[in-house]
Amino acid sequence: MGAPVAAAAALANTRIGRRIAIGALLFVALVGGMLMTPLITIPFAVAGEQVTQEVETKAGPVANGDWGYPLAGDYSKGRGFGYNPVIGCSYCSTNHQGYDMAQGCGATIYAAGPGRIITAGSFYGWGNTVRIDHGGGLVTLYGHMQWGSIRVSVGDAVKAGTALGAEGNTGRSFGCHLHYEVQQDGAAIDPQPFMAALGLPLK
């Protein structure tokens with residue numbers, strides 16, 4: 001037992017012995033690193049995949065069947081349908097024909113349901129606007145979008161979740177918001193019971 005230890009000690013004191021010892025240590029470190037790599041990289045890969053899935057999940061608005069919300073995530077409610085005067089705004093209508101919701105200037109606005117684009121641009125007091133014909137006399141309107149933000153054109157077919165443009169303050173508006181309007185046979189109807197009937201209650 002003592003002879004092999006003495007021989008190893010004597011070998012370690014020579015130049016060749018030191019090179020062999022360094023080589024052995026480097027070999028052990030390399031093998032150890034190769035064995036440890038999966039233990040380090042797999043948790044990061046799994047974590048990265050989970051983050052990607054969460055981002056993808058939060059990317060679009062909540063939908064129920066063919067219909068969904070025109071904004072993704074939480075929003076602030078503005079004026080509802082009917083008599084709603086705006087204090088300090090002389091040009092704002094008192095008989096509000098839609099439902100105002102806001103996430104902030106530049107927030108993405110989405111189609112609420114399937115249909116075809118019939119307006120994509122300046123449209124009376126709604127400013128930069130998109131309108132979608134859903135068939136059967138049903139039309140949804142998305143008003144006050146930022147200039148230059150509209151991502152669709154007249155004639156395009158869209159579905160719930162199609163990005164239309166960005167929340168803005170164009171037309172007869174009093175701060176960045178989405179004016180969401182539902183029309184049946186040319187007449188505005190209250191968006192709240194309409195959306196609730198689709199399983200998508202508004203605030």
Side-chain angles (χ1 to χ4, degrees), residues 54-64 66-82 84-134 138-183 188-196 198-203:
E54 286 176 16
V55 169
E56 288 173 356
T57 302
K58 295 176 183 176
V62 172
N64 185 15
D66 289 337
W67 286 79
Y69 290 109
L71 292 175
D74 196 24
Y75 60 89
S76 298
K77 178 189 175 186
R79 294 196 294 163
F81 188 83
N84 278 289
V86 177
I87 307 302
C89 181
S90 60
Y91 57 82
C92 296
S93 65
T94 55
N95 185 26
H96 194 236
Q97 299 296 294
Y99 181 91
D100 290 347
M101 47 204 313
Q103 288 183 325
C105 298
T108 302
I109 295 169
Y110 301 91
R116 193 162 297 279
I117 303 296
I118 56 173
T119 301
S122 182
F123 192 71
Y124 303 105
W126 292 284
N128 204 26
T129 299
V130 168
R131 289 193 309 149
I132 302 172
D133 183 352
H134 302 282
L138 181 65
V139 171
T140 53
L141 180 149
Y142 310 78
H144 307 309
M145 287 196 241
Q146 288 181 348
W147 294 120
S149 72
I150 292 181
R151 304 183 195 179
V152 291
S153 301
V154 172
D156 287 355
V158 296
K159 60 182 181 179
T162 300
L164 302 177
E167 191 177 313
N169 187 30
T170 59
R172 296 175 69 180
S173 174
F174 196 68
C176 282
H177 70 283
L178 163 65
H179 173 88
Y180 176 58
E181 188 166 320
V182 181
Q183 301 170 350
I189 61 173
D190 191 341
Q192 285 186 280
F194 172 81
M195 293 296 282
L198 295 168
L200 298 162
L202 299 171
K203 288 184 178 181

Output for pair (Asn128 CG, Ile150 CD1), nearest 0.5 Å, gives 3.5 Å

When Gln97, His179, Met145, Arg131 are each screened for side-chain contact (heavy atoms from CB on, under 4.5 Å) with Trp126, the one that passes is His179

Check whether any side-chain N or O of Ser149 sits under 3.5 Å from a backbone N or O of Gly165 as a donor-acceptor pair, and report yes or no. no

Looking only at heavy atoms, the pair that brings Cys176 and Ala102 closest together is O-CB, 3.8 Å

Check your understanding: Any side-chain heavy atom of Ile132 within less than 4.5 Å of one from Leu164?
Key -> yes

Checklist entry - When the ring centroid of Tyr69 is compared with that of Tyr110, is the distance short of 6.0 Å? => result no

On a heavy-atom basis, the closest approach of Thr108 and Ala163 is CG2-CB, 3.9 Å

Between the side chain of Asn169 and the main-chain N/O of Gly175, is any donor-acceptor distance below 3.5 Å? yes

Is a donor on one side and an acceptor on the other found under 3.5 Å between the side chain of Lys77 and the backbone of Leu202? no

Would the distance check show the side chain of His144 and the main-chain N or O of Thr170 forming a donor-acceptor pair, the cut-off being under 3.5 Å? yes

Taken to the nearest 0.5 Å, the spacing of Gln146 CD from Cys105 SG works out to 6.5 Å

query = Is there a donor-acceptor pair under 3.5 Å between the side chain of Tyr75 and the backbone N or O of His177?
reply = no

Interatomic distance, CG@Asp133 vs OG1@Thr119, rounded to 0.5 Å, equals 10.0 Å

Closest non-hydrogen atoms of Ala160 and Ala112, given as atom of the first, atom of the second and distance, are CB-O, 3.6 Å

Nearest heavy-atom contact between Leu200 and Val62 is CD2-O, 4.1 Å

Item checked: Salt-bridge contact Arg151-Asp156 (side-chain N to carboxylate O under 4.0 Å) -> no

Note: Met101 and Pro70 closest approach over all heavy atoms is SD-CG, 3.7 Å

When every non-hydrogen atom of Thr140 is compared with those of Val182, the smallest separation belongs to CG2-CG2, 4.2 Å

**Request:** Using atom types as modelled and distance alone, determine if a side-chain donor or acceptor of His134 lies under 3.5 Å from a backbone N or O of Pro114.
**Result:** yes

Output for pair (Thr129 OG1, Ile118 CD1), nearest 0.5 Å, gives 11.5 Å

Rounded to the nearest 0.5 angstrom, the CG-CD distance for Asp100 and Glu181 is 10.0 Å

Tested for ring pair (Phe, Tyr, Trp, His ring centres under 6.0 Å) against Phe194, the lone hit among Tyr99, Trp67, Phe81 is Trp67

Rounded to the nearest 0.5 Å, the CD1 atom of Ile109 sits from the OH atom of Tyr180 at a distance of 12.0 Å

